[in-house]
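Here the structure is laid out as structure tokens; the discussion comes afterwards.
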Amino acid sequence: MILKKYKREHGAMAYWIMLTGFMMIALPLYPSNKILDYIKLFNTDVNIFHIAYVIILSLIILRKKRIDKVYKVYFFVAGMVLVITMHSFYGIFIGHSRTYILRDLNLFILPLLVFISFSSLFRRIQFTLLDLLDYFFYGVLACSTINIIMYLTSNWSFWGLTTYAGNRFGGSYLSNIIFIFWYGILKNTYTNRKNNKFITIYFIVVTVLSIILSQSRALLILALIGTLIISFQAVFTKNHRVSFKNLFIAMMLIFVMSIGIYFILYGGSDIATRLSSTNIYSQDDSGMVRINIYEQNLKLFLEKPLGAGLGSLFPYYNGYGELLGYSNTIDNAFLTFAEKLGVFGIGFYLYFIVYNPIKYLLGMYKSTENKIYLFTMTGFVTYLINTAFLTTQTITGIGVSTLLWIFSAYTTVSKKTRRM
């Protein structure tokens, strides 16, 4: 619906930028299936989306009237490219594997292509926050639907499916549910955008089923917490008085979620087993494993604050502090970014994916008192906890990285226009 609207009103360029981004969010691109292999070129890490955005940017640059608009505002891209280039040469100089250097380049360059393309788009057209949330909503809805279809047709060789320990099914692409879950449930109540009841129920079913199949504790807990916080934020009116209508809706939501949680916990599902067996003090728990990894890699970052270069590998440990091997990334996007690109690289990263979006949303909420900005900020923060702090999905997950940098592009461009 949105894609057709903007193609009609703004032409083919806007349509192709949005369609490419939508496909990157909607497709379950992850090593657990073969879809990612199908879009790769010549069995390399380069895929059709790299080529698509290179073509799009070439066309943008060829339209001379837009060159200044792209490069004056996004000077940080030049800084990021400079930092990445320097650490690429540094990685080569100190003997890092060319394979891992190219892999890192792939992880860092594609988000920049997405950012520049959508930045040029958002400068040229009126794209409201609700438009963007709708765009993400349908992308996540499509992704969750395909994920369920893959599960139901798992024997089809086309998918090339693999599962993980405990028959966990899915991948990082499901983490986008955290960002938009509240919107799918509360959209009809708190915005002027309405879904019919079937779409709302369908969204809840496919996203919750996808979470259960993934057996991700963080995904389940953060999606619920974000939605509950937002429902209570909605209880108070602009005058800081209680809206009894919204309070009733919040209480009903808690009641329904409580029933859902009861069936999840006592329905004999695998995720219930994982939740009931969680012991954060156990050396075998993933939380303790992460703590050991963070401690050791933080020490390495402090030893080389200017960065270890692209292609660098990081030690990872079990919960007992025993070295298990080395990995290209660790379960923390901020620490991975800092170790590879140093203080300058992590400075750019934090500014544009954390500080800038939150500053924009807070500023818009204060100036307009429109709670959609507050709700979005809550969803965004819980999203970052899972995808950037507890994992490295904002770097390694194509769908997660795409949604994040589209959102960053919107908040970067929109902060001067202050539009809803």
Value rounded to 0.5 Å, distance of [atom1] in [X] from [atom2] in [Y]:
X: K40; Y: L29; atom1: NZ; atom2: CG; value: 10.5 Å
X: L161; Y: N33; atom1: CG; atom2: CG; value: 6.0 Å
X: L310; Y: R98; atom1: CG; atom2: CZ; value: 12.5 Å
X: T382; Y: L222; atom1: OG1; atom2: CG; value: 6.0 Å
X: L306; Y: M86; atom1: CG; atom2: CE; value: 8.5 Å
X: T329; Y: I395; atom1: OG1; atom2: CD1; value: 7.5 Å

Against Q393, only a single residue in S172, S401, S175 fulfils side-chain hydrogen bond (donor to acceptor under 3.5 Å, both in side chains); can you say which?
S175

Side-chain touch [X]/[Y], heavy atoms, less than 4.5 angstrom:
X: L174; Y: F169; value: no
X: L112; Y: I84; value: yes
X: S119; Y: T412; value: no
X: L220; Y: Q215; value: no
X: K304; Y: E339; value: no
X: I204; Y: I185; value: yes
X: P315; Y: L300; value: yes

Between [X] and [Y], how do the two ring planes meet: parallel, tilted or perpendicular, split at 30° and 60°?
X: F407; Y: F380; answer: tilted
X: Y135; Y: F22; answer: tilted
X: Y90; Y: H87; answer: perpendicular
X: F122; Y: F127; answer: tilted
X: Y294; Y: F389; answer: tilted

Is it true that a side-chain atom of [X] and a backbone atom of [Y] form a donor plus acceptor pair closer than 3.5 Å?
X: K340; Y: G307; answer: no
X: S32; Y: G170; answer: yes
X: N176; Y: G399; answer: yes
X: S154; Y: M150; answer: no

Quick one: do the [X] and [Y] side chains pair a donor with an acceptor below 3.5 Å?
X: T145; Y: Y202; value: yes
X: S144; Y: N147; value: no
X: T391; Y: D331; value: no

Applying side-chain contact (heavy atoms from CB on, under 4.5 Å) to V205 and V208, what does each step give before you reach the verdict?
CA-CA 5 Å; V205 169; V208 170; over 6 Å; no

Residues T336, N297; criterion side-chain contact (heavy atoms from CB on, under 4.5 Å); working and verdict
CA-CA 9 Å; T336 297; N297 283 278; over 6 Å; no

Locate the shortest heavy-atom distance separating L129 from I372; write the atom from each residue and the value.
CD2-CG2, 3.7 Å

Work out which heavy atom in T20 is nearest to a heavy atom in A52; give both atom names and the distance.
CG2-CB, 4.1 Å

Answer yes or no: does atom CZ of F344 have more than 12 heavy-atom neighbours from other residues, nucleotides or ligands under 6.0 Å?
no

Please determine whether the number of non-hydrogen atoms from other residues, nucleotides or ligands lying under 6.0 Å from atom CZ of F89 exceeds 12.
no

Please test F136 against Y183 for ring-ring contact (aromatic ring centres under 6.0 Å, His included), starting from the C-alpha separation and ending with a verdict.
CA-CA 10 Å; F136 291 155; Y183 185 70; 9.8 Å; no

Please say which of F108, F115, Y355, F337 ends up in a ring pair (Phe, Tyr, Trp, His ring centres under 6.0 Å) with Y349.
F337

I would like to know whether Y173 and V400 meet side-chain contact (heavy atoms from CB on, under 4.5 Å); could you show each step before the answer?
CA-CA 6 Å; Y173 52 84; V400 173; 5.9 Å; no

If you apply the rule ring-ring contact (aromatic ring centres under 6.0 Å, His included), what do you find for Y383 with F179, and how did you get there?
CA-CA 5 Å; Y383 173 71; F179 184 83; 5.4 Å; yes

Step by step, work out the side-chain contact (heavy atoms from CB on, under 4.5 Å) result for I406 and I25.
CA-CA 10 Å; I406 291 175; I25 295 172; 4.2 Å; yes

